[in-house]
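Please read the structure below before turning to the comments.
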Amino acid sequence: MTQAKSMEDLVSLCKRRGFVYPASEIYGGLNGFWDYGPLGTQLKNNLRDAWWQDMVLCPPTGPGGQPLQIVGLDSAIIQNPRVWEASGHVAGFNDPMIDCRQSKARYRADQLRYLHPTGEGEGRLFAFIEGDEKSFERALKLLGKYVKRDLGRGDVEILDIPEPDAELLARTVGPDATEPGTLTEPRPFNLMFPTIVGATGDWEENKAYLRPETAQGIFINFKHVMDTTRVKVPFGIAQVGKSFRNEVTPRNFIFRSREFEQMEMEWFCHPGEAREWFEFWRDQRLAWWKSIGLTGEDLRLRQHESDELSHYAKEGVGTADVEYRYPFTHPDFGELEGVAHRTDFDLRMHQEHSGQKLEVFDQERRERYLPHVIEPAAGLTRGMLAVLCEAYTRDESRPSPEIMRFHPRLAPIKAAVFPLVNKEGMPEIAERLVQRLRARFGRFGMIETDAKQSIGKRYARMDEAGCPFCFTVDGETVKDQTVTVRDRDTGAQERIAIERVESFLSERLGL
RNA sequence: GCGGGUGUAGCUCAGUGGUAGAGCGUCACGUUGCCAACGUGAAUGUCGUCGGUUCGAAUCCGAUCACCCGCUCCA
C-alpha cells in the first residue's frame, strides 16, 4: 500500500538523511537558499553528470540518425553588465510594481492606464489594466458615475504613464479600489542580484550582476567557440552552473530558490530548420527525463499558449515545457525544463550591442546568416526535486516504510556491504568486498558499509538513502563464498557467489 | 509585499504563568543472528531571535527572522 506523497514528509526526510538542509540555519536561516548535504550533493552531481554525459559526451543521434555535435562551456557568473542590457534582463528584470493599499492587489506599472473625460485631465482619474476588457469597463462606468453623465469610448482619453507621480496617483482610483489615492508609487522589483567588482568599487560605477541565467554566457562565447573548435552549424553549446534571481517569493522547498542551478544547451541551426530541431529537442528532452526514472504519470509535455511566450520567443515556432506534478502543485504541474525557440534574438542583440559580427557563413548553402537557437533549459535543482518526489515512497506494509526509489544511475549510494554479525571473520570479508566495489564503482557514487546494530535497521537506513542493493556477509559466506543480495524495491533476497558481485552490480546499475 | 498559520531535542510532537517532556532516531555495552528486534545505559535544548509585562514567561504582549498555505510575482 502506498499513500499520497506529502511534501512535509519529504522535506523532513531530506534534512534527516542529509539531502537538503536550510541554508545558514544556525543563524536563523536565509529565505530562498538551501544547502546540499552529503547525499544531496552526490545525487545532484549524479543528475548533472547524467545530463552532461547524455548531452555533451554521448549526444543523441539527430532526426535523420546523423551524429550531433555538442561542446561544453563554463562561463563566469559575473560578466560585463552590458551583457544584461543586451539580453533585455536589465529592462525586463526591473518591472516597477504598484500596490493598492485598499484591495491588496499588485499591478505592473507599465500595464496600468488612466482614464479621464476628453479635455478634463485635471480631475479624478480611473485606472484600469491594459488589455483587460472588464477592468476597462469598470473604470469607464465609475468615471461616468463620477462625472454624472453617460460616457462612451469616444468621450474619454486614455493616459499611458509608465511612471506616475504621487500627485497623479493621489487623484486616481485603482482598478479594484473604490476611493482615490490607494495606489502606491511604483517600486522597482530588481530580480537581478547586483554586486560590485573591485575591492574599492564605487557602487554605481562598478556595479555588476550575478547571472540570472547561464544562457547568455553561451551566446557571448559563440564566436570563441566557432573560432576555436571547428564546429559547424547545426551544433550545440552546453553549460551547467549556478544562476541567481531575487525572486519576490521563494517558495516550495528548492523549487524556487534565489540561488539555483541550470543545465542549458543552446542549439544553433539554420532558421529554416528551426521547427524540425525544436520538435526534435522537445521530444528528446521528455524522453531523457523518463530515462532517468521519471516514468510515471507525473511527467508531461506542455506547449505554451501564444500569450505566455517570452519576449524572444514570440516570433519563433514555440515553447514547450517539460512539467512535473510536484506534490505542492498537485493536481497541477510545475515547470522542470523549458524548450524554447529563441530565434536569433540573443545573437542579434549581442551583435548590435557589442558591434561584433556573429553571423556564420554556411559553406554548403553559400549563405551568411545569424543562426537560430533552440534552447532546452532545465533546472538542475528542480530536476533533483522531481527526482526526490518521484523516488519518495511510503509503504506501510514494510517495517521501514520510507523508501527512496532512485533510478540506479542517480542513486547517491550505489551499494552497501554488511557483515551480518560483527565477528567470526565476517567484518574482514565485508571490508575486502567494499574495497573491490569502491575500486570498480566508487567513481559513480558511494559504497557504504556498516557493522553496527541490527541488520534490519541497517537495511532501513539504506532504504531511506535510496541505496539499490545491499550485500550481506553471513555464516554461509565463510563456508561457500556466497553473499545475500537484498533488493531495495522489493525487499527480496537472493544468494550469489561473492565473485559475481561486481558483474551483478554492473548489470543492475547499468555501469 | 499582503493575509492566515507554524516555530519546544536530529525527526514527529505534548506541554495555557511556577523544576524542560514523550515517542522515534543517534551513540555505548550486552544479547540475538536477515528486515527500524530485545535489555541496560548515555548524549542532545539560550523552548526561533530580541525586547516588554510579571516575584516568576516555552506559556501573555510587541517587534523581528525563518518555514507552510493563499494572493501577488516568476524570460
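Convention: sequence-line order gives letters A, B, ...; per-chain numbering from 1.
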* To do: Could you give me the CA-CA distance, side-chain angles and deciding distance for A:His407 and A:Glu390, then say whether side chain to side chain donor-acceptor pair (under 3.5 Å) is met?
  => CA-CA 10 Å; A:His407 189 282; A:Glu390 183 86 8; over 6 Å; no
* Asked: Across all strands shown, which nucleotide pairs with B:U64 by Watson-Crick or G-U wobble geometry, both distances under 3.5 Å?
  -> B:G48
* Does A:Phe219 reach the side chain of A:Leu358, with side-chain heavy atoms less than 4.5 Å apart? -> no
* Asked: Side chain of A:Leu30: nearest nucleotide among B:C35, B:A66, B:C11?
  -> B:A66
* **OP1 or OP2 of B:C27 under 4.0 Å from side-chain N/O of A:Gln453** => yes
* Asked: Taking the six-membered ring of A:Phe333 as reference, does the NZ or CZ atom of A:Arg302 fall below 6.0 Å from its centre and within a 45° cone about the axis?
  -> no
* **Any-strand Watson-Crick or G-U partner of B:C24, both distances under 3.5 Å** => B:G10
* Please report, rounded to the nearest Å, how far the C1' atom of B:U72 is from the CZ atom of A:Arg251. => 10 Å
* To do: Nearest whole angstrom, please: distance from the P of B:A75 to the NE2 of A:His304.
  => 10 Å
* Quick one: is B:C67 close enough that its OP1 or OP2 comes under 4.0 Å of any side-chain N or O from A:Asn31? -> yes
* Should B:C71 form a Watson-Crick or G-U wobble pair with both distances under 3.5 Å, which nucleotide is its partner? -> B:G1
* **5'-most by nearest nucleotide on RNA chain B - A:Arg382 or A:Phe328** => A:Phe328
* To do: Determine the contact category for A:Phe253: base if any of its heavy atoms lies under 4.0 Å from a base atom, sugar-phosphate if only primed atoms, P, OP1 or OP2 are that close, otherwise nothing.
  => sugar-phosphate
* Asked: Which part of the nucleic acid, if any, lies within reach of A:Asn252 when heavy atoms closer than 4.0 Å are counted: base, sugar-phosphate only, or nothing?
  -> sugar-phosphate
* **P atoms of B:U59 and B:A36, separation to the nearest Å** => 41 Å
* Rounded off to whole Å, could you give me the NZ-to-C1' distance for the A:Lys423 and B:U32 pair? => 8 Å
* Would you please indicate yes or no on a ring centroid separation below 6.0 angstrom for A:Phe253 and A:Trp34? => yes
* What interatomic distance, in whole Å, is found between P of B:U12 and the corresponding atom of B:G18? -> 27 Å
* Structure fact -> Test ring pair (Phe, Tyr, Trp, His ring centres under 6.0 Å), reference A:Trp84, set A:His353, A:His89, A:His350, output is A:His89
* To do: Please say whether the positively charged group of A:Arg382, taken as NZ for Lys or CZ for Arg, lies over the ring of A:Phe255, i.e. under 6.0 angstrom from the six-membered ring centre and within 45 degrees of the axis.
  => yes
* **Any-strand Watson-Crick or G-U partner of B:U59, both distances under 3.5 Å** => none
* Asked: Within the structure shown, what part of the strands sits under 4.0 Å from A:Glu8 by heavy-atom distance: base, sugar-phosphate, or nothing?
  -> nothing
* Say you pick atom P in B:C47 and the same atom in B:G39; how far apart are they, in whole Å? -> 33 Å
* Structure fact -> In Watson-Crick or G-U wobble terms, with both distances under 3.5 Å, the base opposite B:U54 is none
* **Closest to the A:Lys457 side chain, choosing from B:A37, B:C69, B:C34** => B:A37
* Figure out the CG/C1' separation between A:Leu13 and B:G10, and round it to whole Å. => 12 Å
* NA contact type, A:Glu402, heavy-atom cut-off 4.0 Å: base, sugar-phosphate, or nothing? -> nothing
* Structure fact -> Closest of B:A66, B:C34, B:C69 to the A:Arg495 side chain is B:C34
* Structure fact -> Re B:U16: Watson-Crick or G-U wobble partner, both distances kept under 3.5 Å, found to be none
* Asked: Is there a side-chain contact between A:Tyr36 and A:Ile254 (heavy atoms, below 4.5 Å)?
  -> yes
* Asked: So what does A:Gly32 touch, heavy atoms closer than 4.0 Å: a base, only the sugar-phosphate, or nothing?
  -> sugar-phosphate
* Identify, between A:Thr484 and A:Trp34, the residue whose nearest nucleotide on RNA chain B lies closer to the 5' end. => A:Thr484
* Asked: Ignoring hydrogens and angles, does a donor from either the side chain of A:Arg398 or the base of B:C35 sit under 3.5 Å from an acceptor on the other?
  -> no
* Step by step, would you call A:Arg211 with A:Glu264 a salt bridge (charged side-chain N to carboxylate O under 4.0 Å, His left out)? -> CA-CA 13 Å; A:Arg211 66 182 174 204; A:Glu264 297 195 291; over 6 Å; no
* Selection from B:C69, B:A37, B:C35 that lies nearest to any side-chain heavy atom of A:Ile455 -> B:C35
* Tell which nucleotide pairs with B:A36, taking only Watson-Crick or G-U wobble pairs whose two distances are both under 3.5 angstrom. => none
* **Pairwise P distance, B:U19 and B:C68 [rounded to whole Å]** => 35 Å
* Given atom CD of A:Glu25 and atom C1' of B:A66, what is their separation to the nearest angstrom? -> 9 Å
* **Among B:U12, B:C35, B:A36, the nucleotide that comes nearest once only the side chain of A:Ser12 is considered** => B:U12
* Pairwise P distance for B:C13 and B:U6, with rounding to whole Å -> 13 Å
* Is A:Lys452 near enough to B:A28 that one of its side-chain N or O atoms lies under 4.0 angstrom from OP1 or OP2? -> yes
* Could you work out which one of B:C35, B:C34, B:U26 sits closest to the side chain of A:Arg461? => B:U26
* **Between B:G45 and B:U53 - C1' atom distance, rounded Å** => 25 Å
* Asked: Expressed in angstrom and rounded to an integer, what is the separation of A:Asp487 atom CG from B:C35 atom C1'?
  -> 14 Å
* **Closest listed nucleotide, where the reference is the side chain of A:Thr472 and the choices are B:A36, B:C69, B:C34** => B:C34
* Using a heavy-atom cut-off of under 4.0 Å over every strand shown, decide if A:Arg488 touches base, sugar-phosphate, or nothing. => nothing
* **Integer angstrom distance from the P of B:C50 to that of B:U8** => 15 Å
* Asked: When rounded to the nearest Å, what value does the distance between C1' atoms of B:A57 and B:G51 take?
  -> 13 Å
* To do: State, yes or no, whether a side-chain contact exists between A:Glu261 and A:Lys44 at a heavy-atom distance under 4.5 Å.
  => yes
* Whole-Å distance between B:U72 C1' and A:Leu112 CG? -> 14 Å
* Take atom CZ of A:Phe19 and atom C1' of B:C11, then tell me their distance rounded to the nearest Å. => 15 Å
